[in-house]
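Note sheet for the following structure.
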Amino acid sequence: MSERFPAPVDLDLRLVQCFTVVAEHQHFGRAAEALHTTQPSLSRQIRRLEQQVGVRLLDRTTRGTRLSEAGKVFLPQAQGLLRAAIEAMARTRAAARPSSITIGYSKGLVITAAVRALRDRNPDAEVHTRLLAWNDSRGALLEHRVDAVVTRLPFPTDRLRVTVLYDEPRVLVVPRDHRLAGKESVTLDDIADEPIPHVRQSDPLLNAYWRLDPRPDGRPAPDGPLVEALEDKHELIAAGQAVAIGPPLDHATGLHPSLTTVPLHGVEPSQVVLATRTGDRSRLVTAFRKHAEALLTGTP
């Protein structure tokens, strides 16, 4: 009987989430800001979790916070618990709304034609769209916040089905008064010594790709300042402290008004893709994939 009905586990998933955020930031103050709570309240929540688990999970140091040996073991399990809870809720809600789909997209990418075709051919369906942060495509899919995403590679694609829609050139982003602004095109040699900023918490694969680090000759990309978010990077470039490599945004799709772009030659283009969860057999996801492949070509 005990094998079929194990003893209940007293584990509060809200506390588990707090732990994973502290582990990510390695700092109680920054984690408290991310969770929109106070540092003393967050400390109490972590102590409650440690009491529930029965071991110390985090060690505070003069430089911040680090995982204890037990915390290192618990972290991947905690992340798995949260993913399983999110998926259980999402699958349950989806079963109650079989005629609903949410389509995510990244800034600067237009999905109107495919969304309109999906709505026209499925008039009874609930079709929603959601603009996602530049680094949130994979997370939004796996957490079931969206059912399909039109976005840019690269990002980890395990557990996802990814279809390339079209190529998109990469460009150099500079302030309007920069020495390279207004040129017909530039190469990597033109920016060999220009600092390229890092975005904190960015996926290493994504960070290396958009910094072109290392360069084709093996040299590392020049180091620039560390910034918290994409908007901070644009402000930094506008102030003349760095340049950046990015997708061809314009002022209508999110480019800072003090910045301009220059075509970057000799660099492989990025790829715009449609990503969905592996094994998702929703008829609306299947239909949107067909419309995206036919209609989203990167041309007006």
Side-chain angles (χ1 to χ4, degrees), residues 17 20-27 30-31 33-36 75-76 79 82-83 86-87 90 102-111 129-173 196-213 221 223-237 242-250 253-256 259 261 264 267-278:
Q17 182 183 29
T20 63
V21 175
V22 175
E24 175 187 352
H25 289 273
Q26 297 185 18
H27 191 280
R30 288 195 293 268
E33 290 179 9
L35 290 165
H36 305 291
L75 179 59
Q79 292 167 331
L82 294 174
R83 284 195 299 267
I86 290 168
E87 185 164 354
T102 300
I103 302 161
Y105 63 100
S106 295
K107 185 176 289 186
L109 299 180
V110 179
I111 61 172
T129 59
R130 177 179 294 182
L131 176 63
L132 298 174
W134 60 277
N135 59 349
D136 191 34
S137 298
R138 174 181 167 81
L141 275 171
L142 295 183
E143 293 170 11
H144 289 250
R145 287 183 276 123
V146 298
D147 303 297
V149 175
V150 177
T151 187
R152 301 175 179 91
L153 288 176
F155 53 86
T157 59
D158 56 295
R159 300 167 62 194
L160 302 179
R161 176 179 175 180
V162 176
T163 303
V164 176
L165 299 176
Y166 58 89
D167 288 344
E168 185 181 64
R170 284 187 273 180
V171 300
L172 182 68
V173 185
I196 308 284
H198 290 268
V199 179
R200 189 191 296 275
Q201 308 287 338
S202 175
D203 180 274
L205 177 68
L206 201 61
N207 195 47
Y209 180 81
W210 288 108
R211 297 183 75 249
L212 284 170
D213 187 19
D223 263 337
L226 186 67
V227 297
E228 296 291 336
L230 187 64
E231 292 75 15
D232 299 325
K233 182 167 74 171
H234 282 187
E235 286 290 347
L236 198 71
I237 299 167
V243 301
I245 298 163
L249 298 178
D250 57 27
T253 55
L255 188 66
H256 189 288
L259 302 181
T261 63
L264 185 59
V267 173
E268 289 187 357
S270 65
Q271 291 183 312
V272 174
V273 300
L274 168 67
T276 58
R277 290 180 291 274
T278 299

| message | One pair to check against side-chain contact (heavy atoms from CB on, under 4.5 Å): L160 and F155. What are the steps and the verdict? | response | CA-CA 10 Å; L160 302 179; F155 53 86; 3.8 Å; yes

| message | Run the side-chain hydrogen bond (donor to acceptor under 3.5 Å, both in side chains) test against E235 and tell me which residues pass, sequence neighbours left out. | response | H256

| task | Grab the two heavy atoms, one from L131 and one from S106, that are nearest each other, plus how far apart they are. | result | CD1-C, 3.9 Å

| Roughly how far, to the nearest 0.5 Å, is CH2 of W134 from CG of L206? | 5.0 Å

| note | All heavy atoms of P156 vs all of L205, minimum pair found to be N-CD2, 4.4 Å

| query | Where is the tightest heavy-atom contact between L165 and V150, given as atom of each residue plus distance? | reply | CD1-CG1, 4.1 Å

| query | How many angstroms lie between atom CG of L153 and atom OH of Y209, to the nearest 0.5 angstrom? | reply | 7.5 Å

| query | Rounded to the nearest 0.5 Å, how far does OH of Y105 lie from CD1 of I111? | reply | 6.0 Å

| Whether D232 side chain and V227 backbone form a donor-acceptor pair below 3.5 Å | no

| field | Sequence-distant partners of D223, salt bridge (Lys or Arg N to Asp or Glu O under 4.0 Å), two or more places apart | value | R211

| query | Could you go step by step and tell me if L142 and R83 meet the side-chain contact (heavy atoms from CB on, under 4.5 Å) rule? | reply | CA-CA 8 Å; L142 295 183; R83 284 195 299 267; 5.8 Å; no

| note | side chain to side chain contact (heavy atoms under 4.5 Å, CB included) filter on V110, not counting sequence neighbours, yields T112

| query | Is a side-chain N or O of R277 found less than 3.5 angstrom from the main chain of L141, in a donor-acceptor match? | reply | yes

| field | side chain to side chain contact (heavy atoms under 4.5 Å, CB included) partners of A140, counting only residues at least two apart | value | L132, D136, R145, V146

| note | Residue set satisfying side-chain hydrogen bond (donor to acceptor under 3.5 Å, both in side chains) with S137, at least two apart, ordered chain then number -> T151

| When rounded to the nearest 0.5 angstrom, what distance separates CG in D213 from CG in N207? | 7.5 Å

| field | Pairs flagged by salt bridge (charged side-chain N to carboxylate O under 4.0 Å, His left out) wherever residues 162-171 is involved - sequence neighbours left out | value | R152-E168

| message | Please evaluate residues D250 and L255 with respect to the criterion side-chain contact (heavy atoms from CB on, under 4.5 Å), reporting the C-alpha separation (whole Å), side-chain torsions for both, the decisive distance (0.1 Å), and the verdict. | response | CA-CA 5 Å; D250 57 27; L255 188 66; 5.5 Å; no

| said: What's the separation between atom CG in L212 and atom CG in L172, rounded to the nearest 0.5 Å? | reply: 10.5 Å

| V171 versus P247, closest heavy-atom pair with distance | CG2-O, 3.5 Å

| task | Among residues two or more places apart or on two chains, list those pairs meeting side-chain hydrogen bond (donor to acceptor under 3.5 Å, both in side chains) that have a residue in residues 153-164. | result | R138-D158

| field | Approximate separation, where rounding is to 0.5 Å, of R130 CZ and T102 OG1 | value | 6.0 Å

| remark: Note: G246 and V173 closest approach over all heavy atoms is N-CG2, 4.3 Å

| message | Could you work out, with side-chain hydrogen bond (donor to acceptor under 3.5 Å, both in side chains) as the rule, every residue matching Q17, not counting sequence neighbours? | response | none

| task | With sequence neighbours excluded, tell me which residues meet side chain to side chain contact (heavy atoms under 4.5 Å, CB included) with L75. | result | F19, T20, A23, L67, Q79

| note | Contacts of T129 meeting side-chain hydrogen bond (donor to acceptor under 3.5 Å, both in side chains) (sequence neighbours excluded), chain-then-number -> none

| Does the pair L274 and V162 meet the rule for a side-chain contact (heavy atoms from CB on, under 4.5 Å), with working shown? | CA-CA 6 Å; L274 168 67; V162 176; over 6 Å; no

| field | Closest heavy-atom pair and its distance - L236, P225 | value | CD2-CG, 3.4 Å

